[in-house]
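To start, the structure under review is shown below, and the notes come after it.
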Amino acid sequence: MSHGVARRVVQLFVAAALLVFVLGGLPALASAQVRVVARVNDDAITDFDLSQRIQFAVKTTGLTDSPDLRQRMAAQVLRQMIDERLQIQNAKRLGMPTSDAEVQQRLGEIERGAGMSPGQFKLFLQGIGVAYDIAAQQFAAQIAWGKVVRRKVRPQVEVSEAEI
């Protein structure tokens, strides 16, 4: 593991521990100030971003919401958010940024797949108290990573006639 990666892992665990403390013991303070819980190169993930993403996960999985559940989910959700930021950054570095149009297209696919009318997903998010940007960041990461995989991995895959 490189020194930079090791440093990021340590930052992640310190941030997760801080978040657990803030979410568990000081909810009034957590809502009063936005704090950075992780840095992914030049991008910051705030406690607000994380709490929104946890809210999104809880409400879309049907789990019974509780402070204990949120506390247990915090480190895993934060790790996923860090991975997504790295995926987006890597795609940009390779000259494959994700456009707003691509994110909107993905949103439309999700709505159609769920039998929703256009705009209904945003209303759903609003109803559960989650900002649209939280879901859009997740969509952008999925799109970006798909681009990277198609460009970097797919050319290296060879399927023989026997495997077909």
Side-chain angles (χ1 to χ4, degrees), residues 8 11-13 15-94 96-151:
R8 292 271 184 245
Q11 287 174 337
L12 167 67
F13 285 111
L18 175 64
L19 179 68
V20 167
F21 174 75
V22 169
L23 289 178
L26 300 171
L29 180 60
S31 64
Q33 285 185 316
V34 175
R35 297 178 193 257
V36 173
V37 295
R39 287 213 172 269
V40 184
N41 298 317
D42 292 334
D43 287 341
I45 298 173
T46 67
D47 59 347
F48 177 77
D49 298 332
L50 182 58
S51 67
Q52 287 275 286
R53 189 62 174 274
I54 292 169
Q55 173 82 353
F56 182 53
V58 168
K59 295 296 183 180
T60 57
T61 58
L63 296 171
T64 303
D65 195 3
S66 71
D68 182 57
L69 174 67
R70 288 174 179 268
Q71 186 175 2
R72 286 184 285 128
M73 291 178 74
Q76 179 181 355
V77 171
L78 181 59
R79 181 72 229 163
Q80 183 178 356
M81 292 176 75
I82 290 169
D83 289 346
E84 289 169 0
R85 298 287 170 101
L86 290 169
Q87 291 168 344
I88 291 169
Q89 290 172 6
N90 194 28
K92 284 181 184 176
R93 183 180 56 78
L94 294 170
M96 299 179 286
T98 302
S99 70
D100 289 338
E102 290 171 312
V103 171
Q104 290 303 312
Q105 180 180 356
R106 177 64 52 90
L107 172 62
E109 292 167 358
I110 289 168
E111 287 175 329
R112 282 187 298 281
M116 297 177 166
S117 58
Q120 200 171 356
F121 185 75
K122 287 182 181 180
L123 291 175
F124 165 74
L125 291 174
Q126 205 172 36
I128 63 170
V130 174
Y132 170 71
D133 290 348
I134 296 300
Q137 289 170 3
Q138 191 172 11
F139 301 159
Q142 293 167 352
I143 294 164
W145 197 242
K147 289 179 180 183
V148 170
V149 168
R150 281 190 298 280
R151 179 183 282 178

**Study point:** Residues in side chain to side chain donor-acceptor pair (under 3.5 Å) contact with Glu111, at least two apart in sequence or another chain
**Key:** none

Only pairs under 3.5 Å count here: list side-chain donor-acceptor contacts from residues 119-128, not counting sequence neighbours, and write none if there are none.
{"residue": "Gln120", "atom": "OE1", "partner": "Ser117", "partner atom": "N", "Å": "2.8"}
{"residue": "Gln120", "atom": "OE1", "partner": "Ser117", "partner atom": "OG", "Å": "3.3"}

Review point. What's the shortest heavy-atom distance between Ala38 and Leu78, and which atoms?
Key: CB-CD1, 4.0 Å

Review point. What residues form a side chain to side chain donor-acceptor pair (under 3.5 Å) with Thr60, not counting sequence neighbours?
Key: none

Which side-chain N or O atoms in residues 81-88 pair as donor and acceptor under 3.5 Å with protein atoms at least two apart or in another chain?
{"residue": "Asp83", "atom": "OD1", "partner": "Arg79", "partner atom": "NE", "Å": "3.2"}
{"residue": "Asp83", "atom": "OD1", "partner": "Arg79", "partner atom": "NH2", "Å": "2.6"}
{"residue": "Glu84", "atom": "OE1", "partner": "Arg53", "partner atom": "NH1", "Å": "2.9"}
{"residue": "Glu84", "atom": "OE1", "partner": "Arg53", "partner atom": "NH2", "Å": "3.0"}
{"residue": "Glu84", "atom": "OE2", "partner": "Arg53", "partner atom": "NH2", "Å": "2.6"}
{"residue": "Glu84", "atom": "OE2", "partner": "Gln80", "partner atom": "NE2", "Å": "3.2"}
{"residue": "Arg85", "atom": "NH1", "partner": "Ala44", "partner atom": "O", "Å": "3.0"}
{"residue": "Arg85", "atom": "NH2", "partner": "Gln137", "partner atom": "OE1", "Å": "3.3"}

Exercise for review: Check whether more than 12 heavy atoms from other residues, nucleotides or ligands sit under 6.0 Å from atom CD of Gln104, and answer yes or no.
Suggested key: yes

Point to revise | Minimum-distance pair of heavy atoms, taken over all atoms of Val36 and Arg39 | key: CG1-CG, 4.0 Å

Revision key, fill the gap. Rounding to 0.5 Å, atoms CD1 (Ile134) and CD (Gln55) come to a distance of 11.0 Å

Point to revise | Sub-4.5 Å side-chain heavy-atom contact between Val40 and Ile45 | key: yes

Practice item. Using the test side chain to side chain donor-acceptor pair (under 3.5 Å), find all partners of Gln52 that sit at least two apart in sequence or belong to another chain. Key: none

Review point. Among all residues two or more places apart in sequence or in another chain, which pass the side chain to side chain donor-acceptor pair (under 3.5 Å) test with Asp100?
Key: none

Review point. Can you tell me how far CE of Met73 sits from OG1 of Thr61, rounded to the nearest 0.5 angstrom?
Key: 5.5 Å

Practice item. Quick one: do Arg112 and Glu109 satisfy salt bridge (Lys or Arg N to Asp or Glu O under 4.0 Å)? Show the steps, please. Key: CA-CA 5 Å; Arg112 282 187 298 281; Glu109 292 167 358; 5.0 Å; no

Exercise for review: With rounding to the nearest 0.5 Å, note down the distance linking CZ in Arg72 to OG in Ser66.
Suggested key: 6.0 Å

**Study point:** Side-chain touch Lys147/Glu102, heavy atoms, less than 4.5 angstrom
**Key:** yes

Exercise for review: Mind listing the closest non-hydrogen atom pair of Ala140 and Thr98 along with its distance?
Suggested key: O-OG1, 3.3 Å

Check your understanding: Quick one: are Phe56 and Val77 in side-chain contact, heavy atoms under 4.5 Å?
Key -> no

Review point. Do the non-hydrogen side-chain atoms of Gln89 and Asp43 ever get within less than 4.5 Å of each other?
Key: yes

